[in-house]
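As a basis for the values below, the full set of heavy atoms in this structure was taken, side chains included, without hydrogen atoms, waters or symmetry mates.
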Amino acid sequence: MPQEFEPVIPVASLDQAHPPVVSSEDDSWWLVASNPTYQVTIPSTSTDVDMDIVDYDWVGQQDSIDFRQIRVDMAGEYTFQLNGLSNKAVLTIYSNDTKKIQKVTGKAGKSVSTKGLFLLPGVYYISVEAPGWKKNQNTGYNVSVAGQVFNRGNNHDDVPSNLAPEYRVSIDGTNPAVAQTLVADEWVGYGDAVDYRQVTVTTPGQYSFNLGGLNGKAKLTLYSSAMKKIKSVTASAGKTGVIKDRFLSAGTYYISVEAPGWKKGQSSDYNVTVTGTAYNRGDNSDDTLTTAKDLDLSSGVLSDWVGFGDAIDYRKFTLSDTRTLSFVLSGSAKMAKMTLSRLDGNGKLKTVKKTTIAANGLIQWNNLELGPANYYLAVESADKGKGKKNTDYSLNIAGYESAAPQVAALSLDAGAGGIDLGNWQQLPELGWAASSLTESAVDDSIARQWGTLIG
(Lines give C-alpha, C1' and ligand atoms only; values in the text may rest on other atoms or scores of the structure.)
Protein backbone atom coordinates (compact mmCIF):
# COMPACT_ATOMS: atom_id res chain seq x y z
CA MET A 1 0.00 0.00 0.00
CA PRO A 2 1.47 3.43 -0.94
CA GLN A 3 2.52 5.55 2.01
CA GLU A 4 1.71 9.26 1.98
CA PHE A 5 3.91 11.71 3.84
CA GLU A 6 3.14 15.28 4.88
CA PRO A 7 3.86 17.97 4.06
CA VAL A 8 4.07 17.71 0.28
CA ILE A 9 6.07 20.56 -1.30
CA PRO A 10 5.86 21.26 -5.06
CA VAL A 11 9.17 21.21 -6.87
CA ALA A 12 10.27 21.52 -10.47
CA SER A 13 8.26 19.16 -12.67
CA LEU A 14 10.02 15.92 -13.53
CA ASP A 15 8.78 12.57 -14.80
CA GLN A 16 5.04 12.38 -14.19
CA ALA A 17 5.49 8.66 -13.34
CA HIS A 18 7.64 9.64 -10.38
CA PRO A 19 5.89 12.54 -8.69
CA PRO A 20 7.87 14.31 -5.98
CA VAL A 21 7.05 13.55 -2.35
CA VAL A 22 9.01 15.88 -0.14
CA SER A 23 9.09 15.46 3.65
CA SER A 24 11.59 16.46 6.30
CA GLU A 25 10.24 13.98 8.85
CA ASP A 26 12.42 11.12 7.57
CA ASP A 27 15.60 13.04 6.80
CA SER A 28 17.69 11.57 9.67
CA TRP A 29 17.92 8.33 11.60
CA TRP A 30 17.09 10.00 14.92
CA LEU A 31 13.87 11.42 13.48
CA VAL A 32 12.59 8.07 12.25
CA ALA A 33 13.70 6.38 15.50
CA SER A 34 10.92 8.25 17.29
CA ASN A 35 8.28 8.15 14.57
CA PRO A 36 6.40 4.87 14.02
CA THR A 37 5.33 6.04 10.56
CA TYR A 38 8.83 5.37 9.30
CA GLN A 39 9.45 2.11 11.15
CA VAL A 40 9.10 -1.33 9.55
CA THR A 41 9.38 -4.79 11.16
CA ILE A 42 10.66 -7.88 9.35
CA PRO A 43 8.52 -10.62 10.97
CA SER A 44 9.62 -14.08 12.07
CA THR A 45 6.32 -15.84 11.45
CA SER A 46 7.59 -17.58 8.31
CA THR A 47 10.85 -19.14 7.22
CA ASP A 48 10.89 -17.06 4.02
CA VAL A 49 10.36 -13.30 3.82
CA ASP A 50 9.52 -11.10 0.79
CA MET A 51 8.06 -7.71 1.65
CA ASP A 52 8.09 -4.02 0.87
CA ILE A 53 10.07 -1.67 3.09
CA VAL A 54 9.20 1.49 1.12
CA ASP A 55 6.30 1.28 -1.33
CA TYR A 56 7.23 4.42 -3.29
CA ASP A 57 8.92 7.54 -2.04
CA TRP A 58 11.05 10.22 -3.63
CA VAL A 59 14.45 11.87 -3.15
CA GLY A 60 15.97 14.83 -4.92
CA GLN A 61 16.08 18.57 -4.74
CA GLN A 62 14.76 19.83 -1.34
CA ASP A 63 14.63 16.19 0.02
CA SER A 64 17.97 14.62 -0.77
CA ILE A 65 17.79 11.64 1.64
CA ASP A 66 15.17 9.46 3.36
CA PHE A 67 15.64 7.07 6.31
CA ARG A 68 13.69 4.12 7.66
CA GLN A 69 14.14 2.19 10.89
CA ILE A 70 14.09 -1.60 10.38
CA ARG A 71 13.33 -3.98 13.24
CA VAL A 72 14.52 -7.55 12.72
CA ASP A 73 12.51 -9.96 14.86
CA MET A 74 14.75 -12.95 14.25
CA ALA A 75 18.16 -13.59 12.81
CA GLY A 76 18.31 -14.38 9.14
CA GLU A 77 19.90 -13.75 5.77
CA TYR A 78 18.30 -10.71 4.15
CA THR A 79 18.73 -9.02 0.74
CA PHE A 80 17.55 -5.45 0.22
CA GLN A 81 16.55 -4.28 -3.27
CA LEU A 82 16.28 -0.74 -4.63
CA ASN A 83 14.17 -0.25 -7.81
CA GLY A 84 11.69 2.01 -9.58
CA LEU A 85 14.42 4.56 -10.37
CA SER A 86 14.38 7.37 -12.91
CA ASN A 87 17.77 8.64 -11.82
CA LYS A 88 20.74 7.52 -9.79
CA ALA A 89 20.13 6.66 -6.11
CA VAL A 90 22.17 5.12 -3.30
CA LEU A 91 20.80 2.57 -0.81
CA THR A 92 22.76 2.18 2.47
CA ILE A 93 22.22 -0.30 5.32
CA TYR A 94 23.32 0.72 8.84
CA SER A 95 23.65 -1.02 12.19
CA ASN A 96 21.82 0.25 15.26
CA ASP A 97 24.78 2.50 16.11
CA THR A 98 24.58 3.86 12.52
CA LYS A 99 27.75 2.16 11.34
CA LYS A 100 27.57 1.46 7.62
CA ILE A 101 27.05 -2.23 6.80
CA GLN A 102 26.70 -2.04 2.99
CA LYS A 103 26.02 0.49 0.24
CA VAL A 104 24.78 -0.05 -3.34
CA THR A 105 24.07 2.44 -6.15
CA GLY A 106 21.25 2.05 -8.68
CA LYS A 107 20.65 3.77 -12.03
CA ALA A 108 17.58 4.79 -13.93
CA GLY A 109 15.50 1.83 -15.10
CA LYS A 110 17.61 -0.72 -13.24
CA SER A 111 17.29 -2.54 -9.93
CA VAL A 112 20.15 -3.01 -7.53
CA SER A 113 20.43 -5.32 -4.52
CA THR A 114 22.68 -5.76 -1.55
CA LYS A 115 24.33 -9.11 -1.09
CA GLY A 116 22.72 -11.43 1.45
CA LEU A 117 23.25 -9.81 4.83
CA PHE A 118 23.29 -11.90 7.99
CA LEU A 119 21.44 -9.81 10.53
CA LEU A 120 20.86 -10.63 14.18
CA PRO A 121 17.63 -9.62 15.93
CA GLY A 122 17.64 -5.91 16.63
CA VAL A 123 17.29 -2.43 15.13
CA TYR A 124 18.84 -1.31 11.84
CA TYR A 125 18.46 1.66 9.52
CA ILE A 126 18.36 2.17 5.76
CA SER A 127 18.73 5.35 3.75
CA VAL A 128 18.01 6.22 0.14
CA GLU A 129 19.87 9.24 -1.23
CA ALA A 130 19.86 11.15 -4.52
CA PRO A 131 23.60 11.86 -5.02
CA GLY A 132 22.89 14.39 -7.81
CA TRP A 133 20.22 16.34 -5.99
CA LYS A 134 22.25 19.57 -6.29
CA LYS A 135 22.03 19.15 -10.07
CA ASN A 136 18.29 18.62 -9.84
CA GLN A 137 18.72 14.86 -10.36
CA ASN A 138 15.63 13.47 -8.61
CA THR A 139 14.03 10.04 -8.51
CA GLY A 140 11.21 8.03 -7.11
CA TYR A 141 12.10 4.67 -5.61
CA ASN A 142 10.91 1.49 -3.93
CA VAL A 143 12.75 -0.68 -1.37
CA SER A 144 11.96 -4.32 -0.65
CA VAL A 145 13.56 -7.12 1.35
CA ALA A 146 13.68 -10.85 0.70
CA GLY A 147 15.48 -13.69 2.43
CA GLN A 148 15.42 -16.54 4.89
CA VAL A 149 14.43 -16.22 8.55
CA PHE A 150 16.37 -18.51 10.89
CA ASN A 151 13.39 -19.16 13.11
CA ARG A 152 14.65 -22.52 14.42
CA GLY A 153 16.89 -20.64 16.83
CA ASN A 154 16.32 -20.73 20.58
CA ASN A 155 18.26 -18.22 22.67
CA HIS A 156 17.04 -19.45 26.07
CA ASP A 157 19.92 -21.94 26.32
CA ASP A 158 22.78 -19.70 25.21
CA VAL A 159 24.28 -18.95 28.67
CA PRO A 160 25.44 -21.93 30.78
CA SER A 161 25.18 -20.07 34.08
CA ASN A 162 21.53 -19.18 33.53
CA LEU A 163 19.85 -22.36 32.32
CA ALA A 164 16.19 -22.98 33.17
CA PRO A 165 15.19 -26.45 34.51
CA GLU A 166 14.17 -27.66 31.05
CA TYR A 167 17.80 -27.30 29.95
CA ARG A 168 19.17 -29.42 32.81
CA VAL A 169 19.35 -33.18 32.37
CA SER A 170 20.53 -36.14 34.45
CA ILE A 171 22.18 -39.33 33.28
CA ASP A 172 20.18 -42.20 34.77
CA GLY A 173 22.59 -44.67 36.36
CA THR A 174 19.95 -47.01 37.77
CA ASN A 175 21.01 -49.74 35.36
CA PRO A 176 24.62 -50.49 34.39
CA ALA A 177 23.89 -50.11 30.65
CA VAL A 178 23.19 -46.46 29.79
CA ALA A 179 21.55 -45.26 26.56
CA GLN A 180 19.77 -41.92 26.84
CA THR A 181 18.88 -38.85 24.77
CA LEU A 182 20.16 -35.60 26.27
CA VAL A 183 19.11 -33.14 23.51
CA ALA A 184 16.54 -33.85 20.79
CA ASP A 185 15.64 -31.98 17.59
CA GLU A 186 17.62 -28.80 18.20
CA TRP A 187 19.33 -26.32 15.88
CA VAL A 188 22.36 -24.03 15.92
CA GLY A 189 23.36 -21.39 13.40
CA TYR A 190 23.29 -17.68 12.76
CA GLY A 191 21.42 -15.96 15.58
CA ASP A 192 21.72 -19.04 17.81
CA ALA A 193 25.36 -20.00 17.46
CA VAL A 194 25.64 -22.23 20.55
CA ASP A 195 23.36 -24.22 22.86
CA TYR A 196 24.21 -25.44 26.37
CA ARG A 197 22.89 -28.14 28.65
CA GLN A 198 23.73 -28.82 32.30
CA VAL A 199 24.33 -32.56 32.76
CA THR A 200 24.19 -34.23 36.18
CA VAL A 201 26.02 -37.55 36.51
CA THR A 202 24.27 -39.37 39.35
CA THR A 203 26.43 -42.50 39.16
CA PRO A 204 30.16 -42.67 38.32
CA GLY A 205 30.80 -44.43 35.05
CA GLN A 206 32.36 -44.58 31.62
CA TYR A 207 30.27 -42.51 29.20
CA SER A 208 30.33 -41.59 25.49
CA PHE A 209 28.57 -38.50 24.14
CA ASN A 210 27.25 -38.75 20.57
CA LEU A 211 26.44 -35.83 18.24
CA GLY A 212 24.13 -36.82 15.37
CA GLY A 213 21.22 -35.81 13.15
CA LEU A 214 23.42 -33.26 11.36
CA ASN A 215 22.64 -31.49 8.09
CA GLY A 216 25.61 -29.13 8.52
CA LYS A 217 28.81 -28.86 10.52
CA ALA A 218 28.58 -28.73 14.33
CA LYS A 219 30.90 -29.09 17.32
CA LEU A 220 30.12 -30.88 20.61
CA THR A 221 32.11 -29.95 23.73
CA LEU A 222 32.09 -31.49 27.21
CA TYR A 223 32.99 -29.25 30.18
CA SER A 224 33.60 -29.69 33.90
CA SER A 225 31.39 -27.95 36.46
CA ALA A 226 33.82 -25.01 36.33
CA MET A 227 33.39 -24.79 32.51
CA LYS A 228 36.87 -26.17 31.87
CA LYS A 229 36.91 -28.02 28.55
CA ILE A 230 37.31 -31.79 28.89
CA LYS A 231 36.95 -32.83 25.25
CA SER A 232 35.36 -31.69 21.98
CA VAL A 233 34.52 -33.24 18.61
CA THR A 234 33.38 -31.77 15.26
CA ALA A 235 31.25 -33.59 12.69
CA SER A 236 29.78 -32.72 9.27
CA ALA A 237 26.41 -33.35 7.66
CA GLY A 238 25.44 -37.03 7.72
CA LYS A 239 28.22 -37.94 10.15
CA THR A 240 28.27 -38.67 13.89
CA GLY A 241 30.77 -37.12 16.28
CA VAL A 242 31.67 -39.06 19.43
CA ILE A 243 33.39 -38.00 22.65
CA LYS A 244 34.33 -41.54 23.57
CA ASP A 245 34.69 -43.38 26.88
CA ARG A 246 35.10 -40.56 29.39
CA PHE A 247 35.37 -41.64 33.04
CA LEU A 248 33.11 -39.23 34.89
CA SER A 249 32.63 -39.07 38.64
CA ALA A 250 29.25 -38.18 40.10
CA GLY A 251 28.69 -34.44 39.79
CA THR A 252 27.77 -31.58 37.46
CA TYR A 253 29.01 -31.15 33.90
CA TYR A 254 28.05 -29.09 30.84
CA ILE A 255 27.82 -29.81 27.14
CA SER A 256 27.61 -27.33 24.29
CA VAL A 257 26.75 -27.68 20.61
CA GLU A 258 28.04 -24.94 18.31
CA ALA A 259 27.79 -24.11 14.62
CA PRO A 260 31.43 -23.15 13.89
CA GLY A 261 30.47 -21.45 10.62
CA TRP A 262 27.58 -19.43 12.02
CA LYS A 263 29.10 -16.08 10.96
CA LYS A 264 28.90 -17.32 7.37
CA GLY A 265 25.29 -18.39 7.82
CA GLN A 266 26.12 -22.07 8.26
CA SER A 267 23.75 -24.00 10.50
CA SER A 268 22.70 -27.52 11.46
CA ASP A 269 20.01 -29.55 13.12
CA TYR A 270 21.35 -31.91 15.79
CA ASN A 271 20.69 -34.25 18.69
CA VAL A 272 22.91 -35.50 21.51
CA THR A 273 22.79 -38.92 23.16
CA VAL A 274 24.85 -40.59 25.88
CA THR A 275 25.82 -44.27 26.05
CA GLY A 276 28.08 -46.20 28.40
CA THR A 277 28.33 -48.04 31.67
CA ALA A 278 27.25 -46.79 35.08
CA TYR A 279 29.32 -48.22 37.92
CA ASN A 280 26.39 -48.56 40.29
CA ARG A 281 27.95 -51.36 42.37
CA GLY A 282 30.04 -48.90 44.33
CA ASP A 283 29.46 -48.14 48.02
CA ASN A 284 31.18 -45.03 49.32
CA SER A 285 30.17 -45.53 52.95
CA ASP A 286 33.36 -47.52 53.67
CA ASP A 287 35.95 -45.47 51.80
CA THR A 288 37.93 -44.15 54.77
CA LEU A 289 39.49 -45.55 57.95
CA THR A 290 37.00 -43.59 60.05
CA THR A 291 34.05 -45.11 58.17
CA ALA A 292 35.47 -48.64 57.98
CA LYS A 293 32.82 -51.30 58.54
CA ASP A 294 33.21 -54.10 61.08
CA LEU A 295 34.45 -57.39 59.65
CA ASP A 296 32.65 -60.38 61.11
CA LEU A 297 35.42 -62.96 61.49
CA SER A 298 33.00 -65.58 62.71
CA SER A 299 31.04 -65.62 59.44
CA GLY A 300 34.26 -65.33 57.43
CA VAL A 301 32.56 -64.11 54.22
CA LEU A 302 32.53 -60.68 52.46
CA SER A 303 31.47 -59.68 48.93
CA ASP A 304 31.77 -56.19 47.38
CA TRP A 305 33.12 -54.18 44.42
CA VAL A 306 35.93 -51.66 43.84
CA GLY A 307 36.73 -49.50 40.82
CA PHE A 308 35.96 -46.11 39.33
CA GLY A 309 33.94 -44.07 41.79
CA ASP A 310 34.63 -46.48 44.66
CA ALA A 311 38.38 -46.98 44.69
CA ILE A 312 38.75 -48.63 48.10
CA ASP A 313 36.78 -50.50 50.76
CA TYR A 314 37.85 -50.68 54.41
CA ARG A 315 36.96 -53.28 57.06
CA LYS A 316 38.13 -53.43 60.68
CA PHE A 317 38.36 -56.10 63.37
CA THR A 318 39.91 -56.54 66.80
CA LEU A 319 41.74 -59.55 68.26
CA SER A 320 42.01 -59.84 72.03
CA ASP A 321 44.37 -62.79 71.84
CA THR A 322 46.69 -64.36 69.28
CA ARG A 323 44.97 -66.11 66.41
CA THR A 324 46.10 -67.94 63.28
CA LEU A 325 43.93 -66.85 60.36
CA SER A 326 43.84 -67.59 56.63
CA PHE A 327 42.48 -65.13 54.04
CA VAL A 328 41.40 -65.96 50.48
CA LEU A 329 40.21 -63.17 48.15
CA SER A 330 38.88 -63.92 44.67
CA GLY A 331 38.37 -61.37 41.87
CA SER A 332 39.54 -60.39 38.40
CA ALA A 333 43.28 -60.90 37.88
CA LYS A 334 45.45 -57.83 38.51
CA MET A 335 42.38 -55.66 39.13
CA ALA A 336 42.66 -55.15 42.90
CA LYS A 337 45.02 -55.49 45.85
CA MET A 338 44.40 -56.38 49.48
CA THR A 339 46.26 -54.84 52.42
CA LEU A 340 46.15 -55.88 56.09
CA SER A 341 47.37 -53.27 58.60
CA ARG A 342 47.73 -53.21 62.38
CA LEU A 343 47.26 -50.17 64.60
CA ASP A 344 50.36 -49.86 66.80
CA GLY A 345 50.65 -48.40 70.27
CA ASN A 346 51.27 -44.93 68.84
CA GLY A 347 48.07 -45.00 66.80
CA LYS A 348 49.90 -45.53 63.51
CA LEU A 349 49.05 -48.14 60.90
CA LYS A 350 51.72 -50.73 60.18
CA THR A 351 51.37 -52.90 57.11
CA VAL A 352 51.18 -56.59 57.94
CA LYS A 353 50.74 -57.93 54.40
CA LYS A 354 49.86 -56.57 50.95
CA THR A 355 49.19 -58.51 47.74
CA THR A 356 47.65 -57.93 44.27
CA ILE A 357 45.21 -60.47 42.83
CA ALA A 358 47.25 -63.06 40.96
CA ALA A 359 46.71 -64.34 37.41
CA ASN A 360 44.56 -67.14 38.80
CA GLY A 361 42.19 -64.54 40.28
CA LEU A 362 43.17 -65.23 43.90
CA ILE A 363 45.00 -63.78 46.87
CA GLN A 364 45.86 -66.46 49.44
CA TRP A 365 47.29 -65.72 52.86
CA ASN A 366 47.63 -68.95 54.76
CA ASN A 367 48.10 -69.26 58.52
CA LEU A 368 48.85 -65.65 59.45
CA GLU A 369 49.65 -65.48 63.17
CA LEU A 370 48.10 -62.25 64.39
CA GLY A 371 48.57 -60.92 67.90
CA PRO A 372 46.12 -58.88 69.98
CA ALA A 373 45.49 -55.53 68.23
CA ASN A 374 43.09 -53.47 66.13
CA TYR A 375 43.35 -54.38 62.44
CA TYR A 376 42.23 -52.79 59.17
CA LEU A 377 41.70 -54.74 55.94
CA ALA A 378 41.60 -52.72 52.69
CA VAL A 379 40.59 -53.92 49.22
CA GLU A 380 41.62 -51.33 46.61
CA SER A 381 41.31 -50.97 42.84
CA ALA A 382 44.71 -51.66 41.30
CA ASP A 383 44.74 -48.26 39.51
CA LYS A 384 43.31 -46.45 42.55
CA GLY A 385 39.93 -45.99 40.90
CA LYS A 386 41.07 -44.37 37.66
CA GLY A 387 38.62 -46.49 35.69
CA LYS A 388 40.52 -49.30 34.02
CA LYS A 389 40.81 -51.62 37.04
CA ASN A 390 37.34 -52.56 38.29
CA THR A 391 36.26 -55.84 39.86
CA ASP A 392 33.79 -57.66 42.03
CA TYR A 393 35.47 -59.58 44.82
CA SER A 394 34.75 -62.15 47.53
CA LEU A 395 36.72 -62.63 50.73
CA ASN A 396 36.74 -65.78 52.86
CA ILE A 397 38.42 -66.02 56.26
CA ALA A 398 39.21 -69.30 58.04
CA GLY A 399 40.71 -70.21 61.40
CA TYR A 400 38.70 -67.94 63.65
CA GLU A 401 36.70 -69.53 66.44
CA SER A 402 35.00 -67.75 69.28
CA ALA A 403 36.82 -68.09 72.63
CA ALA A 404 35.73 -71.21 74.61
CA PRO A 405 33.36 -70.19 77.42
CA GLN A 406 34.71 -70.38 80.98
CA VAL A 407 32.95 -73.11 82.99
CA ALA A 408 32.25 -72.83 86.75
CA ALA A 409 34.17 -75.63 88.52
CA LEU A 410 33.73 -77.05 92.01
CA SER A 411 36.17 -77.67 94.84
CA LEU A 412 35.47 -81.17 96.13
CA ASP A 413 36.20 -81.87 99.75
CA ALA A 414 36.59 -85.67 99.73
CA GLY A 415 37.14 -85.76 103.40
CA ALA A 416 33.70 -84.29 104.02
CA GLY A 417 32.15 -86.76 101.67
CA GLY A 418 30.30 -84.01 99.77
CA ILE A 419 30.50 -80.62 98.01
CA ASP A 420 31.82 -77.62 99.85
CA LEU A 421 29.46 -74.95 98.39
CA GLY A 422 31.26 -72.25 100.28
CA ASN A 423 34.38 -72.84 98.23
CA TRP A 424 33.08 -71.97 94.67
CA GLN A 425 35.94 -70.92 92.42
CA GLN A 426 36.39 -70.02 88.77
CA LEU A 427 38.91 -72.55 87.47
CA PRO A 428 40.50 -72.51 84.02
CA GLU A 429 38.71 -75.72 83.04
CA LEU A 430 37.69 -79.05 84.42
CA GLY A 431 40.27 -81.80 84.50
CA TRP A 432 37.70 -84.37 83.48
CA ALA A 433 34.45 -84.72 81.69
CA ALA A 434 31.37 -84.05 83.80
CA SER A 435 29.85 -87.34 82.72
CA SER A 436 32.63 -89.25 84.43
CA LEU A 437 31.30 -88.13 87.79
CA THR A 438 28.32 -90.35 87.44
CA GLU A 439 30.54 -93.31 86.79
CA SER A 440 33.03 -92.72 89.64
CA ALA A 441 33.06 -93.76 93.24
CA VAL A 442 31.40 -90.45 94.10
CA ASP A 443 28.04 -91.27 95.60
CA ASP A 444 24.73 -90.47 93.94
CA SER A 445 24.11 -87.41 96.07
CA ILE A 446 27.26 -85.73 94.72
CA ALA A 447 26.24 -86.56 91.17
CA ARG A 448 22.79 -85.09 91.75
CA GLN A 449 24.19 -81.87 93.14
CA TRP A 450 26.67 -81.49 90.19
CA GLY A 451 23.93 -82.03 87.72
CA THR A 452 21.86 -79.34 89.39
CA LEU A 453 24.72 -76.81 89.34
CA ILE A 454 25.68 -77.25 85.72
CA GLY A 455 22.05 -77.32 84.66
Side-chain angles (χ1 to χ4, degrees), residues 1-43 48-72 76-120 122-148:
M1 179 180 293
Q3 296 180 353
E4 295 182 358
F5 305 100
E6 296 294 338
V8 176
I9 304 174
V11 295
S13 177
L14 297 167
D15 186 347
Q16 294 300 313
H18 301 89
V21 181
V22 178
S23 172
S24 60
E25 294 180 347
D26 62 353
D27 286 358
S28 67
W29 66 268
W30 60 87
L31 288 173
V32 300
S34 59
N35 191 337
T37 303
Y38 304 102
Q39 297 171 0
V40 180
T41 297
I42 300 176
D48 297 314
V49 64
D50 190 353
M51 61 179 287
D52 290 332
I53 299 295
V54 181
D55 186 7
Y56 188 75
D57 208 334
W58 181 94
V59 286
Q61 194 176 44
Q62 299 182 21
D63 187 12
S64 63
I65 190 167
D66 293 342
F67 281 85
R68 295 293 185 274
Q69 184 189 78
I70 311 297
R71 294 182 180 274
V72 176
E77 183 180 11
Y78 302 104
T79 299
F80 295 84
Q81 184 182 71
L82 176 65
N83 57 33
L85 302 177
S86 60
N87 244 313
K88 183 184 290 187
V90 177
L91 171 66
T92 306
I93 316 298
Y94 305 89
S95 64
N96 186 39
D97 56 2
T98 68
K99 289 183 178 179
K100 189 189 323 181
I101 296 174
Q102 192 175 356
K103 180 175 72 173
V104 293
T105 300
K107 298 180 180 180
K110 294 185 178 181
S111 298
V112 64
S113 299
T114 67
K115 65 180 180 180
L117 301 177
F118 294 104
L119 301 181
L120 295 170
V123 174
Y124 300 84
Y125 294 92
I126 65 168
S127 71
V128 177
E129 182 180 10
W133 67 271
K134 291 182 179 180
K135 299 177 181 179
N136 204 26
Q137 295 176 1
N138 315 301
T139 184
Y141 68 89
N142 306 297
V143 179
S144 62
V145 63
Q148 183 181 11

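- Between the CD atom in Gln61 and the NZ atom in Lys134 there is a gap of 12.0 Å [rounded to 0.5 Å].
- Between the Asp48 side chain and the Gln148 main chain, no donor and acceptor come within less than 3.5 Å of each other.
- Taking the side chain as every heavy atom from C-beta outward, Val145 and Met51 approach each other to under 4.5 Å.
- In this structure, OH on Tyr38 lies 15.0 Å from OH on Tyr125, to the nearest 0.5 angstrom.
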Given Ile65 and Val128, is the side-chain contact (heavy atoms from CB on, under 4.5 Å) satisfied, shown in steps?
-> CA-CA 6 Å; Ile65 190 167; Val128 177; over 6 Å; no

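- When atom types are taken as modelled, the side chain of Gln39 and the backbone of Val32 share a donor-acceptor pair closer than 3.5 angstrom.
- When every heavy atom of Gly116 is checked against every heavy atom of Thr79, the shortest pair comes out as CA-OG1, 3.5 Å.
- Judged as a side chain to side chain contact (heavy atoms under 4.5 Å, CB included), and not counting sequence neighbours, the contacts of Glu77 are Phe118, Phe150.
- Residues Ile70 and Tyr78 fail the side-chain proximity criterion, which asks for heavy atoms closer than 4.5 Å.
- Between Asn138 and Trp58 the shortest side-chain heavy-atom distance falls below 4.5 Å.
- One finds the CZ atom of Phe67 at 14.5 Å from the CG atom of Asn35 (value rounded to the nearest 0.5 Å).
- Put simply, the side chain of Thr139 never gets that close to the backbone of Leu85: no donor and acceptor are under 3.5 Å apart.
- Side chains of Val59 and Trp133 form no contact here, defined as non-hydrogen atoms less than 4.5 Å apart.
- Between the CG atom of Asn136 and the CG atom of Asn87 there is a distance of 9.0 Å, given to the nearest 0.5 Å.
- One distance of note links OG of Ser111 with CG of Leu82; it measures 7.5 Å at 0.5 Å rounding.
- Taking CD1 of Ile53 as the start and CD of Gln69 as the end, the distance is 11.5 Å to the nearest 0.5 Å.
- The minimum heavy-atom distance linking Ser23 with Asp27 is given by the pair O-OD1, 3.0 Å.
- What you find for Ser86 and Gly140 is that their closest heavy atoms are OG-N, 4.1 Å.
- Under the 4.5 Å side-chain criterion, counting only non-hydrogen atoms from C-beta, Val143 is not in contact with Arg68.
- At least one side-chain heavy atom of Asp57 sits under 4.5 Å from a side-chain heavy atom of Asp26.
- Residues passing the side chain to side chain contact (heavy atoms under 4.5 Å, CB included) test with Ala146 are Asp50, sequence neighbours excluded.
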Side-chain donor-acceptor distances from residues 89-107 under 3.5 Å, at least two apart:
from	atom 1	to	atom 2	distance (Å)
Tyr94	OH	Ser127	OG	3.1
Ser95	OG	Asp97	OD1	2.2
Ser95	OG	Lys99	N	3.2
Ser95	OG	Lys99	O	3.4
Asp97	OD1	Lys99	N	3.4

